[in-house]
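Here the structure comes first, spelled out in structure tokens, and everything after it is commentary.
The residues of the chain are indexed from 1 along the displayed sequence. Worth knowing before you read on, the calculation uses all heavy atoms, side chains too, and leaves out hydrogens, waters and symmetry mates. Bear in mind that the values here come from a model prediction, so they are computed numbers and not experimental data.
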Amino acid sequence: GAAPAGWPAWLPSTLQPEAKLGESQWPVWRARNTAEGRAEVVKIFSSVDMCVKGVDSSSVERECRTAQQLQRLRAPDASRGSDFFMQCYGHTANTGAGDFLELELCGQDTLSAWFEAAWTAGGVPVGAGQQMWDQLQRSLALLTERKGEQS
């Protein structure tokens, strides 16, 4: 079938669009990576938008590389919080048409939406609330530690 409106024809055929998730600065789609057999988030940077917004391919690549560096911290000590960050599977620069990132799909709800739904359904279970709090603290500690390493 035909690709949905807004899905660029220059993206590889192994990425099959499922739904548009949103568009703040860049369009973001849920897609099926048929080569890898997984659902992914595809963040699309068209050449025209990149030019208008003053973004180059190296800054898009840096976004992916930063996520990959955080993931490399997982192996020695997962308790540091790196496993709570979205993985970047790859950055592809498509000369002339644009760039795209393939990211881990971590669900479609924001943290605010999750808490609101849980509250409406009768409250946030203490265990789940504590687990979220612990994850947030470990993730923030990792970011703070990484910031100190860059200084």
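- Closest approach of Met50 to Ser57, counting heavy atoms only: CE-N, 3.6 Å.
- With Thr34 contributing its side chain and Thr14 its backbone, the two residues share a donor-acceptor pair below 3.5 Å.
- Note on Trp7 and Val28: separate hydrophobic clusters, where clusters join Ile, Leu, Val, Met, Phe, Trp and Tyr whose side-chain heavy atoms are under 4.5 Å apart, directly or indirectly.
- Between Pro27 and Lys20 the shortest heavy-atom distance is CB-CE, 4.2 Å.
- The two residues Glu18 and Arg32 come nearest to each other via the heavy atoms OE2-CB, 3.3 Å.
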- Item | Test side chain to side chain contact (heavy atoms under 4.5 Å, CB included) applied to Glu36 and Tyr89, step by step | CA-CA 11 Å; Glu36 297 295 330; Tyr89 299 127; over 6 Å; no

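- Taking the side chain as every heavy atom from C-beta outward, Glu63 and Lys43 approach each other to under 4.5 Å.
- Of the candidates Glu61, His91, Glu40, Leu101 forms a side-chain contact (heavy atoms from CB on, under 4.5 Å) with just one, namely His91.
- Among residues at least two apart or in separate chains, disulfide (SG to SG under 2.5 Å) pairs with a member in residues 5-64 are Cys64-Cys88.
- In the hydrophobic cluster analysis, where Ile, Leu, Val, Met, Phe, Trp and Tyr join through side-chain heavy atoms closer than 4.5 angstrom, Phe45 is grouped together with Leu103.
- When every heavy atom of Trp10 is checked against every heavy atom of Phe100, the shortest pair comes out as CZ3-CD2, 3.7 Å.
- Among all heavy-atom pairs drawn from Pro4 and Pro17, the shortest one is CD-CG, 3.4 Å.
- Taking every heavy atom of both residues into account, Val55 and Ser59 meet most closely at CG1-OG, 3.1 Å.
- By the neighbour-count criterion of 12 heavy atoms within 6.0 Å, atom CD of Glu116 is sparsely surrounded, having that number or fewer from other residues, nucleotides or ligands.
- Note: Asp56 CG to Asp99 CG = 9.0 Å, rounded to the nearest 0.5 Å.
- By the 4.5 Å heavy-atom criterion applied to side chains, Trp26 and Lys53 are counted as neighbours.
- No option in Leu21, Val41, Ile44 other than Ile44 meets the side-chain contact (heavy atoms from CB on, under 4.5 Å) test with Trp29.
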